[in-house]
K.L.:
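Next up is a structure, given as structure tokens.
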Amino acid sequence: MMQTSVRPDKAMAACFSRVARLAVSQARISPLRMGCFAMREPLRDHGLYHPLTSCRSLSLLPGKRWDAVCRLHSSRAEVVAAATAAEAPAVGGDAAPPAGQPDTSKWTGAAIREAFLSFYEQRGHVRLPSASLVPADPTVMLTIAGMLQFKPIFLGKETRRHERATTTQKCVRTNDIENVGVTARHHTFFEMLGNFSFGDYFKEDAVKYAWELSTKVYGLPPERIWVSVFETDDETFALWRDVVGVPVERIRRMGAADNFWEAGATGPCGPCTELYYDLQPGQPTAGASLEDDSRFIEFYNLVFMESNKGPSGDLTPLAARNIDTGLGLERMAQILQGVSNNYDTDLILPIVLEAAKLAGIDYHSADAATRTALRVIGDHTRAVVYLLSDGVLPTNVGRGYIVRRLLRRVIVKGSLLGISEVFTPRVAEVAVALSGACDPEVAANAARIYEELEGEETRFRRTLAAGEKLLKSVLKDVLDKAGAAQHGQRLVVPSDRAFLLYDSYGFPLEITAEIAAEVGVGVDIAAFDAAMQAQRQRSKDSVKTVDMTAGSAFGDLAEQLGKTEFVGHTQLETSATITALMQDGKPVDTVAAGVPCFASPSFLGFNPLIMSVRQCSWGRCALHPLHVASAGHGRDCGAI
């Protein structure tokens with residue numbers, strides 16, 4: 001990629017100066033070797049983007065590539081820098097890539113993104129911004145593909161404003177979260193580059209464009225590209241064979257599970273053709289399977305959107321035939337940057353390295369389990385940052401639960417790596433700094449993102465230490481008993497303990513299962529679900545049997561105790577005195593462990609709040625609000 005020097009204003013100059021000092025201090029080279037890129041819209045001619053400046057892929061040490069990203073927050077410039085893991089030629093070097101290899105020296109993630117969008121702009125496509133991760137489409141919870149914002153156009157419900165469009169779309173998928181960090185290419189958050197035709201060009205032009213972009217722009221060796229087509233799509237098979245010239249031995253016909261694409265249970269769909277890159281070109285062609293992830297990486301999917309799938313599964317033709325494509329930015333970065341997995345690309349590695357630094361760990365020499373944990377932190381941090389920016393806050397239901405689940409996984413992984421302080425805002429700073437070309441709004445929302453992360457992590461850490469201690473004790477008991485029992489028996493965490501961790505300590509079942517799995521212990525999911533259902537039923541029964549009217553004993557108690565001061569706006573913790581206990585509708589002085597009762601703590605500021613002591617064991621009493629005598633509804637709280 002060509003390096004272009006520009007005249008920075010005062011803020012850019014300050015940013016450039018900090019990057020230069022950082023580079024000099026870490027690499028002992030002259031800052032004159034650095035090319036600084038301005039990233040505001042008026043400077044797009046330089047091939048660059050928002051938020052302010054990015055000094056990308058700097059040539060600092062022989063065989064090393066360093067990345068530094070500058071961003072402006074309010075009136076001050078901040079810098080985030082990281083050395084990539086991959087050994088790579090110096091940027092701007094004149095050495096040609098080896099025969100049969102792409103040129104890895106110039107392809108930063110930002111350059112890959114810009115090359116795609118510019119390529120299609122030059123071919124009549126309008127560059128449009130990414131849609132929100134919160135889709136208008138009620139059939140999906142989160143935006144999982146670039147085509148979702150165009151679904152009404154595909155269905156003919158909205159009039160198209162453009163015949164052609166190109167986007168980089170932020171996406172989140174959590175259906176295979178257990179594979180994140182384990183495999184080379186699974187993510188919760190990813191960017192999908194796409195080109196779209198709304199009743200304009202169709203199969204032939206889509207195939208030609210994809211091939212030209214892959215081989216001429218990105219420089220992929222043609223002999224290392226394989227393609228798949230839907231099993232009955234003879235037209236597309238012929239296009240690859242006769243028009244593009246792909247040998248038939250590198251074209252595979254595949255079934256609907258692989259080559260018929262649909263965005264959800266209903267909606268636009270159609271057959272697709274996919275492009276794969278051969279990571280092991282020396283292997284035989286005969287008998288090769290595109291499902292071999294160790295050899296092939298699928299990087300570009302062209303969907304021929306021509307049908308609508310109804311609720312009963314029936315397919316009806318769309319009013320116009322459309323093109324919907326998706327090229328995975330992280331996957332193309334893996335290929336073009338010559339690394340073995342997506343996490344070692346400059347899109348994610350700086351976040352991973354920041355987490356490793358906070359944990360005092362050398363990522364590159366760490367064992368596999370540690371690297372996996374760091375990659376989970378890198379991936380999930382990206383997802384949480386973009387979700388928070390789009391207004392999805394941590395809760396216990398819906399999209400909010402996804403944010404809370406991902407964030408708690410980050411916190412637990414960090415804690416297990418030895419990070420004892422609140423760290424998610426610091427890791428998120430790197431993700432925000434890398435976000436500009438994908439979604440400029442993330443940088444604009446940075447302060448709110450950091451505040452939400454700090455608050456959520458602080459609250460979760462209150463119970464994390466106690467929960468981890470309990471889980472370690474439970475696992476020790478399980479392993480000790482197994483050592484004295486017969487070999488071959490299945491080791492499981494007792495369901496009541498797993499449920500206690502969830503209900504009173506805020507541990508998602510998935511996290512309990514992950515930590516237990518590391519020592520070879522499982523969790524009885526069916527028993528946990530049964531305990532959850534029993535708990536829900538108890539909550540329903542309590543509402544039915546407890547009289548909450550003003551004339552009841554509870555109303556009398558509320559009137560007697562009066563109001564208290566609410567301190568939650570300024571304090572995360574405080575001491576409290578339980579001012580009243582009731583059991584079976586009558587005031588009592590003490591309650592035995594595990595016996596349902598009602599309590600009124602003095603610190604929540606309601607008038608007063610009647611609490612249910614639902615669990616009293618292992619020294620912990622978990623309080624849950626049932627009723628507020630005057631108005632309002634309280635949050636769950638705990639008392640030790």
Side-chain angles (χ1 to χ4, degrees), residues 1-2 4 6 37-54 56 106-133 135-136 143-154 158-171 189-202 205-206 208-214 216-218 263 299-303 305 322-333 336 347 386 389-390 434-444:
M1 182 178 65
M2 179 181 69
T4 307
V6 298
F37 291 83
M39 300 180 75
R40 280 292 188 188
E41 184 71 11
L43 297 171
R44 187 191 288 177
D45 289 343
H46 297 288
L48 306 164
Y49 273 94
H50 185 84
L52 266 186
T53 60
S54 173
R56 302 181 294 186
K106 65 180 182 179
W107 289 114
T108 64
I112 296 169
R113 183 192 295 112
E114 176 59 24
F116 183 98
L117 298 172
S118 294
F119 176 84
Y120 282 104
E121 272 190 317
Q122 294 164 10
R123 286 153 184 80
H125 295 66
V126 177
R127 186 187 300 210
L128 297 176
S130 172
S132 170
L133 285 171
T143 297
I144 60 172
M147 59 77 62
L148 278 182
Q149 65 172 305
F150 304 118
K151 183 175 176 180
I153 299 176
F154 291 149
E158 287 186 9
T159 303
R160 65 184 184 186
R161 291 176 295 168
H162 316 287
E163 291 186 339
R164 304 180 178 195
T166 184
T167 66
T168 178
Q169 176 63 52
K170 52 192 177 183
C171 301
F189 176 88
F190 57 95
E191 277 189 64
M192 190 63 72
L193 299 165
N195 56 286
F196 305 90
S197 168
F198 310 113
D200 187 14
Y201 65 86
F202 201 50
D205 283 343
K208 288 180 178 179
Y209 287 156
W211 187 258
E212 181 183 2
L213 175 70
S214 301
K216 302 300 183 184
V217 177
Y218 291 139
F299 65 89
Y300 205 176
N301 185 14
L302 317 179
V303 181
M305 202 73 75
N322 309 290
I323 290 296
D324 158 33
T325 79
L327 183 145
L329 177 61
E330 292 80 6
R331 295 189 176 205
M332 184 57 78
L336 292 179
L347 296 166
Y386 281 88
S389 178
D390 280 348
L434 296 171
S435 68
C438 175
D439 181 8
E441 291 300 313
V442 174

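One is the number of the first residue; the rest follow in order along the sequence. Owing to the predicted nature of the structure, the values given are computational and were not obtained by experimental measurement.
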K.L.:
Are side-chain heavy atoms of Glu212 and Phe119 found at a separation under 4.5 Å?
P.N.:
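Side-chain contact under 4.5 Å: yes.
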
K.L.:
Roughly how far apart are Met147 CE and Ile153 CD1, rounded to 0.5 Å?
P.N.:
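Reported value, rounded in 0.5 Å steps: 10.5 Å.
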
K.L.:
Ignoring hydrogens, what is the shortest heavy-atom contact between Glu441 and Ser389? Give both atom names and the distance.
P.N.:
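Smallest interatomic distance, heavy atoms only, reads O-OG, 3.7 Å.
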
K.L.:
About how many Å separate OG of Ser214 and CH2 of Trp211, when rounded to the nearest 0.5 Å?
P.N.:
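The distance works out to 7.5 Å.
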
K.L.:
Measuring from atom CG of Asp205 to atom CG of Leu302, what distance do you get when rounded to the nearest 0.5 angstrom?
P.N.:
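Separation between the atoms: 12.0 Å.
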
K.L.:
How far apart are the closest heavy atoms of Ala115 and Trp107, and which atoms are they?
P.N.:
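Reported closest heavy-atom pair: CB-CZ3, 3.8 Å.
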
K.L.:
Do the non-hydrogen side-chain atoms of Phe299 and Tyr218 ever get within less than 4.5 Å of each other?
P.N.:
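Phe299 vs Tyr218: side chains apart.
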
K.L.:
Taking the side chain as every heavy atom from C-beta outward, state whether Phe196 and Asn322 have any atom pair closer than 4.5 Å.
P.N.:
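No - every pair of side-chain heavy atoms lies 4.5 Å or more apart.
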
K.L.:
Enter the distance from Tyr300:OH to Arg331:CZ here, rounded to the nearest 0.5 Å.
P.N.:
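So the gap between those two atoms works out to 15.0 Å.
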
K.L.:
Closest heavy-atom contact between Ser435 and Ala443?
P.N.:
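Where Ser435 meets Ala443 most closely, the heavy atoms are OG-N, 4.2 Å.
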
K.L.:
Once ring-ring contact (aromatic ring centres under 6.0 Å, His included) is applied, do any residues pair with Phe202, and if so which ones, sequence neighbours excluded?
P.N.:
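Listed in chain order: Phe304.
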
K.L.:
Nearest 0.5 Å, what's the NE2-CZ distance between His162 and Phe198?
P.N.:
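Answer for the NE2-CZ pair, His162 versus Phe198, is 8.5 Å.
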
K.L.:
Considering all heavy atoms of both residues, which atom of Gly109 and which atom of Leu329 are nearest to each other, and what is their separation?
P.N.:
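Scanning both residues completely, I find the closest heavy atoms to be O-CD1, 3.7 Å.
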
K.L.:
Can you check whether Tyr120 reaches Thr325 side chain to side chain, under 4.5 Å on heavy atoms?
P.N.:
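Not touching, per the 4.5 Å side-chain cut-off.
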
K.L.:
Return the minimal non-hydrogen interatomic distance between Thr143 and Gln169, and the atom names on each side.
P.N.:
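Thr143 and Gln169 have their closest heavy atoms at CG2-NE2, 3.5 Å.
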
K.L.:
Minimum heavy-atom separation for Gly146 and Cys171, please, with both atom names.
P.N.:
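Nearest pair, atom of Gly146 first, then Cys171: N-SG, 4.4 Å.
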
K.L.:
For the residue pair Glu191 / Thr168, report whether a side-chain donor-acceptor contact shorter than 3.5 Å exists.
P.N.:
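Indeed, the side chains of Thr168 and Glu191 share at least one donor-acceptor pair under 3.5 Å.
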
K.L.:
Between His125 and Tyr201, is the ring centre distance below 6.0 Å?
P.N.:
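Yes; Tyr201 has its ring centre under 6.0 Å from that of His125.
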
K.L.:
Step by step, work out the side-chain contact (heavy atoms from CB on, under 4.5 Å) result for Arg113 and Leu193.
P.N.:
CA-CA 7 Å; Arg113 183 192 295 112; Leu193 299 165; 3.8 Å; yes

K.L.:
Can you check whether Asp439 reaches Asp390 side chain to side chain, under 4.5 Å on heavy atoms?
P.N.:
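Side-chain contact under 4.5 Å: yes.
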
K.L.:
What distance separates Leu327 CG from Met192 CE, expressed to the nearest 0.5 Å?
P.N.:
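Going from CG on Leu327 over to CE on Met192, the span is 8.0 Å.
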
K.L.:
Are any of the side-chain heavy atoms of Arg123 and Asn195 separated by less than 4.5 Å?
P.N.:
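Heavy-atom side-chain distance check fails, nothing below 4.5 Å.
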
K.L.:
Walk me through it: do Thr167 and Gln149 pass the test side-chain contact (heavy atoms from CB on, under 4.5 Å)?
P.N.:
CA-CA 11 Å; Thr167 66; Gln149 65 172 305; 4.0 Å; yes

K.L.:
Got Asp324 and Phe150 here, is their nearest side-chain heavy-atom distance under 4.5 Å?
P.N.:
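Asp324 vs Phe150: side chains apart.
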
